[in-house]
Amino acid sequence: MIKNFSGFALAAALGVLAGCSTSPSDSSSWGTVSEELSTVNNIARVNVVDAHSHLARYRHFVVDSWQLSDSTSDTASVVVDSLTNYGFAVEADVQVEDDSAYTIASAGVDGDSAAWVLQVEEGAVVYSWRNTADENWLKFKTEKALDLKKLNTVRVERAGVVVAIIVNGKIIDAFKDDGKSAVIKGLFTIGFDARNPGKCHCNNGRVEQIGVETVDEIEDSPIDSVQVIDTLDIPLDTSAALNDSEVTEWIAEWNFNDAENVGHDVTGHGHNATAGEGSVSAFDGIAGFDGKSGMMVSLDTDIRINEFVVEARVKPTQFATMQNIIVAEPPGRGVDGWQLRIDEGVLTVHLRDADSSYVDWSIYPGKEMILGEWNEIRLERNADSVKLFQNGELTVAVAYQGDLTQMCYDWGIGYDAMQQSFHDRYFIGEMDYIRFGVFKGFTEGTLVPKNEWLLAAWEFNEPEFVGLDRMANNSSKYVVGNAVVADTTLVLDGQSGMPVNLSRAFQRNTFAIETRVKPAAFAEMQNIIVAEPPGRYGDGWIIRLDDGVLTVHFRDEETDGTEWNVLKGKELALDEWTEIRVERTADSVIVFQNGERSVWAAAKGDVSQLGYNIGIGYDAMKQAKGDRYFNGEIDYIRYYGL
């Protein structure tokens, strides 16, 4: 059985399904070539690093993809009329059983123009080609690269004069061919050698999934952008700004200068920190935390206050998911607490007032810290606001009302003193001091305004030009299915979408996306906007709904490999409008729903090395394993550079 996943008018039209023929009478119709192909010895190889850089200048458009049964040795041939030998790619998931030759696919062998054949032999990839019907066949064979009896992804990509052989996501070889560009005419075959139909070797392996693409240079046109200055509204009363004459009244201070009594409170108020877990030692006034140790401070009335200041000087030497610097946090849920900790390198403040938020913590990410460097931290909390400074720079300024005095548990320095079983939460590094005192006023400081550049804006106000980008840079020229504009919204029926050609505007690591959507029905995967490579390799990002829940996906191939970083927001309501904003900064991803932050996470890597077209409302890469259509209305999608 073969499934065809076609979506565009120019896609390959399904033709004759054919298995391996054992009848020699068919041979003449294929224009059979001698089985002994000529091997070119003077092919100019291209350095793998150079080939990788060259391919990054090209974008990819999936012409068609097919998924074959994994239980039989299916073969097929289809008519293909939209490929050239100068810019194309073929990618297949294939399993080869033995060392004998197995043909994955071919194109144009029966035609009167360019043609190519992709095979596996003795675990090596064999690519054979001709640039015209009159030329001899040429052959390029790699070193052994595939494991027998295992599923491998084999890809051949021709971008201009460079041909790259890619196995399981890595370029294993590349060469240069200066042949002239020509349209490939004839059949695209899967699973058998069309040059010699009298000889069947299709039982040597099987193709599970395969696709063909066109490959073109990415446009480098200038961007007509509009700069938008988004100055954060800081709802703080700074009239009582702290000045030099106002000195904080410290209630507790641990400076680790007494090596014999590491946790001594030098204020004399008796809040001495005792060994909680492991052993914390001090040398030259610096306490060391090894990821297995921490100190506990007994809860007392004078530290159970709502308006306070915390200062610390710390040097992290290793990052992890949750690393407590100092924490007054109850286990489980139901009482007040606060935390100052590092999450994947980002300093964060956590606050919870049980009367107002009960289970949920309010989490405020600051700025990413640097391993091996000292950081001076100051947290200021009054009855309705919070400020966080890192090395003198204001990184958090937010309103937060509530009374945090209903604490019930001891505090922890460098670890989780409540010993919650699901996570250790140890700090790893050094601490110079930690101070806790009475709030007397906010330190002067304002957040630096964020700059945004509007790079694309699909407003869906033009019924005659559904995919118009009002910035005039990234308009969609194609519509899949019945995507229509009605009453200034894009209406999608679960079988429609729009592709947008990849341009330099989207090859960014820092950006923001805003959209307003009204889902009409939920499904397993429904794309809102997506820049995602087909298969399992490469950079990408996705904003979609999974069974009604907003999910955001990011992947940097060098950092994450094949894994996606997935953030789950909140569930959307059917037939109701939801405003969504996703910010990808240099070190974090923040998701807002209807103006409220629903999820955030620290971010690593660079997701700008995109290679495939952007999809609005569907999977523009047409992966055979899922259609991924959005069903409902989209009011707008705006894409900003940060």
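As the structure is a computational prediction, the values presented were derived from the model and not from experiment. Computation of the quantities below employed the complete heavy-atom set of this structure, encompassing side-chain atoms and omitting hydrogens, waters and symmetry-equivalent molecules. Numbers for residues simply follow the sequence, beginning at 1.
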Nearest heavy-atom pair of D403 and Q406: which atoms, and what distance? O-NE2, 4.5 Å

Got F630 and L545 here, is their nearest side-chain heavy-atom distance under 4.5 Å? yes

Any donor-acceptor N/O pair, T248 side chain to W250 backbone, under 3.5 Å: no

Taking the cut-offs as 6.0 angstrom to the six-membered ring centre and 45 degrees off its axis, would you call R584 and F554 a cation-pi pair? yes

List the steps and the verdict of side-chain contact (heavy atoms from CB on, under 4.5 Å) for I166 and L55. CA-CA 12 Å; I166 304 168; L55 265 56; 4.2 Å; yes

Do R504 and I218 come close enough that some side-chain heavy atom pair is under 4.5 Å? yes

Crowded around K518 NZ? As in, over 12 foreign heavy atoms under 6.0 Å? yes

Going by an N to O cut-off under 4.0 Å, is there a salt bridge joining R628 and E532? yes

Just so I know, are the side chains of F427 and N324 near enough to count as touching, which here means a heavy-atom distance under 4.5 Å? no

So which pairs with a foot in residues 539-551 pass salt bridge (charged side-chain N to carboxylate O under 4.0 Å, His left out), sequence neighbours left out? R544-D546

For the residue pair R638 and Y636, would you count it as a cation-pi contact if the rule is NZ or CZ under 6.0 angstrom from the ring centre and within 45 degrees of the ring axis? yes

Is the backbone of W564 close enough, under 3.5 Å, to the side chain of H553 for a donor and an acceptor to pair up by distance? no

Is a side-chain N or O of E307 found less than 3.5 angstrom from the main chain of A383, in a donor-acceptor match? yes

For residues P365 and V396, report the shortest heavy-atom separation together with the two atoms involved. O-CG2, 3.4 Å

Considering all heavy atoms of both residues, which atom of F442 and which atom of S385 are nearest to each other, and what is their separation? CZ-CB, 3.6 Å

Is the backbone of G414 close enough, under 3.5 Å, to the side chain of R341 for a donor and an acceptor to pair up by distance? no

Measure from the side-chain N and O atoms of Q526 to the backbone N and O of A523, and report whether any donor-acceptor pair falls under 3.5 Å. yes

Examine distances only and state if a side-chain atom of E380 and a backbone atom of V386 form a donor-acceptor pair shorter than 3.5 Å. no

Please give me the minimum heavy-atom distance between F256 and A282, naming the atom from each residue. O-CB, 3.5 Å

Under 6.0 Å between the ring centres of W411 and F436? yes

Does D469 use its side chain to pair, donor to acceptor, with the backbone of N474 at less than 3.5 Å? yes

Report the C-alpha separation of Q609 and D556 in whole Å, then their side-chain angles, then the decisive distance to 0.1 Å, and conclude whether the side-chain contact (heavy atoms from CB on, under 4.5 Å) test is met. CA-CA 8 Å; Q609 290 89 40; D556 168 42; 4.0 Å; yes

Nearest-0.5 Å distance, CG of residue N509 to CG of residue D606: 4.0 Å

So do H271 and I303 actually touch side chain to side chain, heavy atoms under 4.5 Å? yes

Just verifying a value: how many Å separate M322 CE and Y415 OH, rounded to the nearest 0.5 Å? 16.0 Å

Within the distance-only criterion (no hydrogens, no angle test), does the side chain of D384 pair as donor or acceptor with the backbone N or O of Y400 below 3.5 angstrom? no

Less than 4.5 Å apart, side chain to side chain, heavy atoms only: is that true for F592 and E583? yes

Between L347 and L340, does a side-chain contact (heavy atoms from CB on, under 4.5 Å) hold up when you go through it step by step? CA-CA 7 Å; L347 184 64; L340 186 61; 4.1 Å; yes

Within-4.5 Å side-chain heavy-atom neighbours: I377 and F389: no

Regarding D302 and R304, does a basic nitrogen lie under 4.0 Å from an acidic carboxylate oxygen? no

Contact between I413 and I325 at the side-chain level, heavy atoms closer than 4.5 Å - yes or no? no

With side-chain contact (heavy atoms from CB on, under 4.5 Å) as the test, would you mind laying out the steps for V530 and I543 before giving the verdict? CA-CA 6 Å; V530 53; I543 299 176; over 6 Å; no

Separation between CG of D336 and CE of M407, rounded to the nearest 0.5 Å: 7.0 Å

So, N565 versus D560: side-chain donor-acceptor pair below 3.5 Å or not? yes

Considering only distance and modelled atom types, tabulate donor-acceptor pairs under 3.5 Å from the side chains of residues 309-318, sequence neighbours left out.
unit_1, atom_1, unit_2, atom_2, d
E311, OE1, R435, NE, 3.2
E311, OE1, R435, NH2, 2.8
E311, OE2, R378, NH1, 2.5
R313, NH1, D432, OD2, 3.0

CH2-CD1 distance between W600 and I590, expressed to the nearest 0.5 angstrom: 8.0 Å

K604 NZ to T559 OG1 distance, which is reported to the nearest 0.5 Å: 8.5 Å

Closest non-hydrogen contact found for Y426 with Q323 is O-CG, 3.1 Å

Would you please indicate yes or no on a ring centroid separation below 6.0 angstrom for Y639 and F506? yes

In this structure, CG of N382 is separated from NZ of K440 (nearest 0.5 Å) by 15.5 Å

More than 12 non-hydrogen atoms from neighbouring residues, nucleotides or ligands closer than 6.0 Å to NE2 on H52, yes or no? no

Donor-acceptor pair between D343 and T348 side chains, under 3.5 angstrom: yes

So do the side chains of I326 and W254 get within less than 4.5 Å of each other, counting heavy atoms only? yes

Would T395 and Q390 count as a side chain to side chain donor-acceptor pair (under 3.5 Å) if you check the C-alpha gap in whole Å, the side-chain angles of each, and the deciding distance to 0.1 Å? CA-CA 7 Å; T395 58; Q390 296 176 242; 2.8 Å; yes

I'd like to know if the side chain of N594 reaches the main chain of T578, judged simply by a donor and an acceptor atom lying under 3.5 Å from each other, with no hydrogens or angles considered. no

Testing the basics here: between L610 and G540, what is the closest heavy-atom pair and its distance to 0.1 Å? CD2-CA, 3.9 Å

Measure up the F511 and W541 rings against each other and bin them: parallel (under 30°), tilted (30 to 60°), perpendicular (over 60°). tilted

Between S598 and Q593, does any side-chain donor sit less than 3.5 Å from a side-chain acceptor? yes

May I ask you to decide if G402's main-chain N or O and N306's side chain share a donor-acceptor pair within less than 3.5 Å? yes

List, one per line, each side-chain donor-acceptor pair under 3.5 Å for residues 285-297, sequence neighbours excluded.
unit_1, atom_1, unit_2, atom_2, d
D290, OD1, K292, N, 2.9
D290, OD1, S293, N, 3.4
D290, OD1, S293, OG, 2.9

